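Worksheet: one structure, shown below.
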Amino acid sequence: MAFHMRSLILIVVSALFVLTAQLGYGQNNFGLDKELVWSNFNESLDVYHSQNPIEKAYLHLDKEVVSPNEEIWFSAYLVLGADHLYSEASKVLHVDLISQSKDIVASQTVQLSKGRAQGSIHFPKDLEPGTYQIRSYTNWMRNFDQNFFYKKQVKVLGRVDPSENPFIIDAPLDLQFFPEGGNLIDGLTTKIAFRAVGKDGMGKVISGYVEDSHGNVVAELNTVSRGSGIFYLLPKANTNYRAVLKDGTVYPLPAVLSEGYALSVGSKEYGKIVIQVQASPQYANRSFYLLGLSRGKRYFQERLDLGPNDNQTLEISTSKIPSGILSLSLFDDQGNPHCERLSFINNRENLRISATTKSTVFHARGEIEVDIVVKDSNGMPVSSALSVSISDADQFAKDTGSSNIRSYLLLQSDLRGQIHRPAELFRDQSRTTQYQLDLVMLTHGWRKYQWPEILNGQSKNRAFSFAQGTNIAGIAYGRNDQLLRNTPFKIIAKSETNLSEHSFVTDDFGRFLVKNFNSSGKAELVFNAYNSKGKIQCSKVKLQKQNIQLPEPKFDFIPSEHSDGEENYQRLSAIRSQGNSISSIEGIINLDEVSVSTEKTEKKEWTRPSKYGIEPDRVVYADDYPNSVDVMHLIGRMRGMNLPNRISDPRGGPLWVVDGFPMPRFGFKDSIVGGNIPELVSGVPRAIAHINVQSIERIEYLDPQMASNVIYGVQGAAGVFLIYTKIGSNLNKKPKSSNLELTVHSTGKEFYSPLYDSEPGLEDVSDFRSTLFWDPMLRTDDNGKATLRFFNSDIANKIQINIEGLSTTGLSGTFLKTIGARNFE
């Protein structure tokens with residue numbers, strides 16, 4: 001609210017007294033040692049920001065309209081700190097879907113890797129049509145105001161009863177006034193911004209006048225942009241002011257303070273801003289301090305002296321301040337904060353992304369090729385991580401003013417309230433655009449600098465940490481359901497994308513807790529319990545259900561950014577849901593692809609489970625080839641096996657493991673013969689080169705190109721051969737390990753794009769896709785280039801290309817263009 005500054009000042013004054021008392025300075029001699037106290041203030045500010053770094057999450061969606069039983073795909077970006085570098089502090093990102101009735105319809109977590117993740121949101125078949133909100137955040141972000149979680153409004157199409165729309169309510173116009181700098185001061189001419197918002201959350205056009213308590217008209221009131229405008233007022237003490245609109249409604253202005261400062265900011269020319277400070281006579285001939293902060297870093301700090309004229313004007317260069325919001329704060333010579341003014345800096349240091357097609361005429365099911373080039377602000381090619389969505393523009397096209405990664409990271413994520421068509425404020429550097437952007441600065445709240453907490457020099461304990469994974473808890477049992485107390489365990493977790501090992505020891509009650517467990521999609525967990533001799537013993541594990549308390553669901557109104565075409569989208573989505581469309585058979589096609597490309601070997605019953613519970617990539621059984629001469633001959637019988645080129649390399653060849661024990665590959669000193677004797681014979685370690693094949697039960701192979709050999713680290717970089725012998729075999733012995741399946745993080749549905757030049761069986765299938773191409777993790781080469789190839793649908797005549805990206809140095813960029821019939825941008 002516009003009236004919070006006064007109460008904030010009182011709190012900060014108290015905090016400063018505490019701080020100065022701790023330093024040994026009273027208020028009387030503060031002026032003598034003000035520079036030292038100011039130095040301590042700066043130190044407190046630096047400590048606060050180092051202990052409270054800001055994470056920001058952003059989701060690039062392939063679309064923002066959807067029908068029930070369809071997907072929205074997303075690419076996630078997570079940044080940390082002032083430079084918007086990819087965050088490696090958090091490994092888990094929450095993504096929730098919230099209804100207008102403030103219910104969490106769906107919730108999932110995705111695993112972050114170096115600040116990136118991907119996934120999809122499924123909209124259930126029976127989901128009621130209407131407006132929903134996607135919310136995304138990390139565990140660390142929950143320490144702060146959830147108004148700064150990432151939020152995006154999406155529309156589920158269908159017939160909606162207007163009477164059930166919670167935004168259609170009988171509510172008065174919300175009209176707020178924001179004196180520049182924070183307060184109205186007696187005798188100081190002040191710029192006052194106002195913002196009028198209707199019951200639908202959109203800015204409204206208003207007109208009227210401002211009058212004082214004597215009925216004198218002192219200013220005109222007219223909207224300029226986005227429901228906002230400005231007027232100037234010379235306030236007087238002991239006088240009240242109010243706005244009177246044409247319809248007769250009345251709104252009070254903030255109260256007038258008897259003394260203080262007024263802070264105003266204006267732009268003189270590109271690369272500079274002009275700051276003017278006025279003060280009440282009580283502050284004449286006194287010093288004050290100006291502090292300029294952007295993204296938590298101090299870029300400007302100045303001590304200035306007021307003369308008898310009670311005002312001061314100065315210019316500051318913005319060339320070395322990063323693009324984004326600059327917060328200017330004014331403190332008096334006693335260290336009390338008086339004013340705060342936001343100013344947006346746009347130095348245009350962003351990624352410059354361009355995309356072109358070979359042709360602007362697109363044929364049904366024809367191949368489309370898109371060339372992408374990314375350069376930095378100096379025109380130099382730069383390798384960047386991108387996400388790309390290409391849609392049928394007649395079904396869905398994003399508004400050119402809709403939010404994107406640049407508008408979100410630099411503007412929206414640092415302001416309270418919602419901004420309609422924020423990307424429009426970045427389109428150019430014209431006076432009109434700059435004026436509109438400054439109106440946003442004047443009429444939106446700020447959250448970054450909590451002065452009482454900062455000045456106390458301490459950070460309160462945060463309730464939420466940077467999440468590195470999910471905790472798994474449970475109880476372990478042995479034979480006859482006896483608790484396994486103080487027993488060491490190892491977990492081998494294998495999913496399609498990851499293989500990991502975890503260790504724990506149960507407590508006196510057989511309980512255990514595994515922290516920071518991560519796995520995307522369904523994971524197979526093998527729990528191995530070890531006895532005092534280090535051998536696997538029988539175990540049974542029961543996992544406890546984890547109840548995650550999600551943040552309170554809220555539904556904040558976000559002004560709509562949807563484009564035309566919803567009726568067309570809804571009509572075609574009905575066709576897509578039929579049995580002879582690409583959408584209905586894509587799951588079957590994907591399944592067929594898996595079965596063709598991966599040749600699975602049928603398992604046999606074996607005496608012992610595979611090492612660590614790992615499913616091998618290839619396996620051969622000695623009993624199937626009784627005429628095998630030696631180990632190498634038997635390995636050669638593995639189906640699809642091409643022996644590694646470096647299999648005979650004593651240092652770089654595969655790892656050999658017999659019954660769980662790695663075999664040495666290097667020469668050794670023989671005590672009888674002397675000298676180094678080669679350990680390799682016919683490409684295998686000498687210790688097993690002449691093993692009787694009949695004593696071998698099976699040989700497994702872990703391919704270095706697959707995830708299965710990761711458990712052996714660098715030793716398995718060239719592949720791993722696991723030999724299991726028949727020694728001590730017992731075919732009737734039951735498995736000792738506990739095998740469970742667990743889904744921790746969502747992988748989302750895989751985006752399917754048909755290959756009409758090579759994929760059979762699609763001749764009689766209709767293709768009315770809305771999203772033609774989606775790549776959430778595209779990376780350009782060292783020259784900043786990438787080429788995309790995909791096939792058109794049956795009906796798309798024009799396509800919209802939407803590219804968003806972030807460089808490793810924190811530069812964001814976006815590209816949005818429609819190409820094809822009736823070209824427009």
Side-chain angles (χ1 to χ4, degrees), residues 1-9 173-197 203-267 273-284 288 306 309-313 328-330 337-343 435-446:
M1 294 291 295
F3 310 103
H4 77 289
M5 181 61 74
R6 187 173 185 178
S7 58
L8 178 61
I9 290 173
L173 184 76
D174 182 16
L175 179 58
Q176 299 182 50
F177 297 92
F178 304 87
E180 186 176 23
N183 296 296
L184 294 177
I185 309 297
D186 176 34
L188 302 182
T189 301
T190 303
K191 179 194 298 182
I192 302 175
F194 66 87
R195 183 173 180 232
V197 179
K204 299 301 178 182
V205 176
I206 63 169
S207 63
Y209 58 88
V210 176
E211 66 177 14
D212 62 20
S213 50
H214 304 292
N216 301 313
V217 175
V218 294
E220 296 294 327
L221 202 66
N222 291 289
T223 301
V224 176
S225 171
R226 300 167 180 258
S228 300
I230 62 171
F231 62 92
Y232 289 87
L233 179 67
L234 177 59
K236 297 180 180 180
N238 303 315
T239 303
N240 296 321
Y241 297 88
R242 66 179 191 171
V244 181
L245 303 188
K246 277 191 174 181
D247 62 2
T249 55
V250 176
Y251 296 85
L253 268 65
V256 179
L257 302 182
S258 60
E259 62 180 58
Y261 291 89
L263 172 67
S264 63
V265 173
S267 176
I273 60 174
V274 178
I275 302 171
Q276 184 178 38
V277 177
Q278 302 178 75
S280 301
Q282 297 90 327
Y283 292 92
F288 66 91
L306 282 174
N309 294 328
D310 305 332
N311 65 75
Q312 182 73 264
T313 301
L328 290 164
S329 300
L330 185 149
H338 282 257
C339 303
E340 184 177 64
R341 171 65 154 94
L342 306 184
S343 181
Y435 183 79
Q436 292 176 344
L437 188 53
D438 201 49
L439 273 177
V440 171
M441 295 294 99
L442 287 165
T443 56
H444 284 72
W446 179 249

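Small disclaimer: the values here were computed from a predicted structure and weren't measured.
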Indicate yes or no for a side-chain donor-acceptor contact from [X] to the backbone of [Y] under 3.5 Å, with no hydrogens or angles considered.
X: E180; Y: V265; value: yes
X: D247; Y: T249; value: yes
X: S228; Y: R195; value: no

Write down the atom of [X], the atom of [Y], and the distance for their closest heavy-atom approach.
X: S207; Y: N222; answer: CB-OD1, 3.3 Å
X: Q276; Y: T313; answer: CG-OG1, 3.7 Å
X: A279; Y: L306; answer: CB-CD1, 3.3 Å
X: D186; Y: S258; answer: CB-O, 3.8 Å
X: L221; Y: A243; answer: CD2-CB, 3.9 Å
X: I185; Y: S280; answer: CG2-OG, 3.3 Å

Next on the checklist: Would you say OH of Y232 has more than 12 non-hydrogen atoms from neighbouring residues, nucleotides or ligands within 6.0 angstrom?
Outcome noted: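 Check fails, neighbour count at 12 or below.
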
Looking at side-chain heavy atoms only, is the closest gap between [X] and [Y] below 4.5 Å?
X: N183; Y: C339; value: no
X: L328; Y: I273; value: yes
X: F194; Y: T443; value: no
X: V210; Y: V217; value: no
X: F177; Y: Y251; value: yes
X: V197; Y: L173; value: no

Checklist entry - Taking the inter-plane angle between the rings of F288 and Y261 on a 0 to 90° scale, is it parallel (under 30°), tilted (30 to 60°) or perpendicular (over 60°)? => result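 The arrangement is tilted - the two ring planes meet at 30° to 60°.
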
Next on the checklist: Which label fits Y283 and H338: parallel for a plane angle under 30°, tilted from 30 to 60°, or perpendicular past 60°?
Outcome noted: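 Judged by the thresholds at 30° and 60°, the geometry between Y283 and H338 is perpendicular.
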
Once rounded to the nearest 0.5 Å, what's the spacing between atom [atom1] of [X] and atom [atom2] of [Y]?
X: H214; Y: N240; atom1: NE2; atom2: CG; value: 9.0 Å
X: K236; Y: D212; atom1: NZ; atom2: CG; value: 7.5 Å
X: L257; Y: E259; atom1: CG; atom2: CD; value: 9.0 Å

Item to check | Test side chain to side chain contact (heavy atoms under 4.5 Å, CB included) applied to V224 and Y435, step by step | outcome: CA-CA 10 Å; V224 176; Y435 183 79; 3.4 Å; yes

Item to check | Verdict with reasoning, S264 to K191, per side chain to side chain contact (heavy atoms under 4.5 Å, CB included) | outcome: CA-CA 8 Å; S264 63; K191 179 194 298 182; 5.8 Å; no

Item to check | Residue from T190, T189, L253 passing side chain to side chain contact (heavy atoms under 4.5 Å, CB included) with L233 | outcome: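 The single option meeting the side chain to side chain contact (heavy atoms under 4.5 Å, CB included) with L233 is L253.
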
Checklist entry - Out of L184, I230, L442, which one pairs with I192 under the side chain to side chain contact (heavy atoms under 4.5 Å, CB included) rule? => result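 Going through L184, I230, L442 one by one, the side chain to side chain contact (heavy atoms under 4.5 Å, CB included) with I192 is satisfied by L184 alone.
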
Checklist entry - Going through the checks in order, is the side chain to side chain contact (heavy atoms under 4.5 Å, CB included) test met by E211 and V244? => result CA-CA 8 Å; E211 66 177 14; V244 181; 3.9 Å; yes

Item to check | Chi angles and distances behind the side chain to side chain contact (heavy atoms under 4.5 Å, CB included) call for V256, Y241 | outcome: CA-CA 9 Å; V256 179; Y241 297 88; 3.8 Å; yes

Item to check | SB check D438 R341 (cutoff 4.0 Å) | outcome: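 Yes, D438 and R341 are salt-bridged.
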
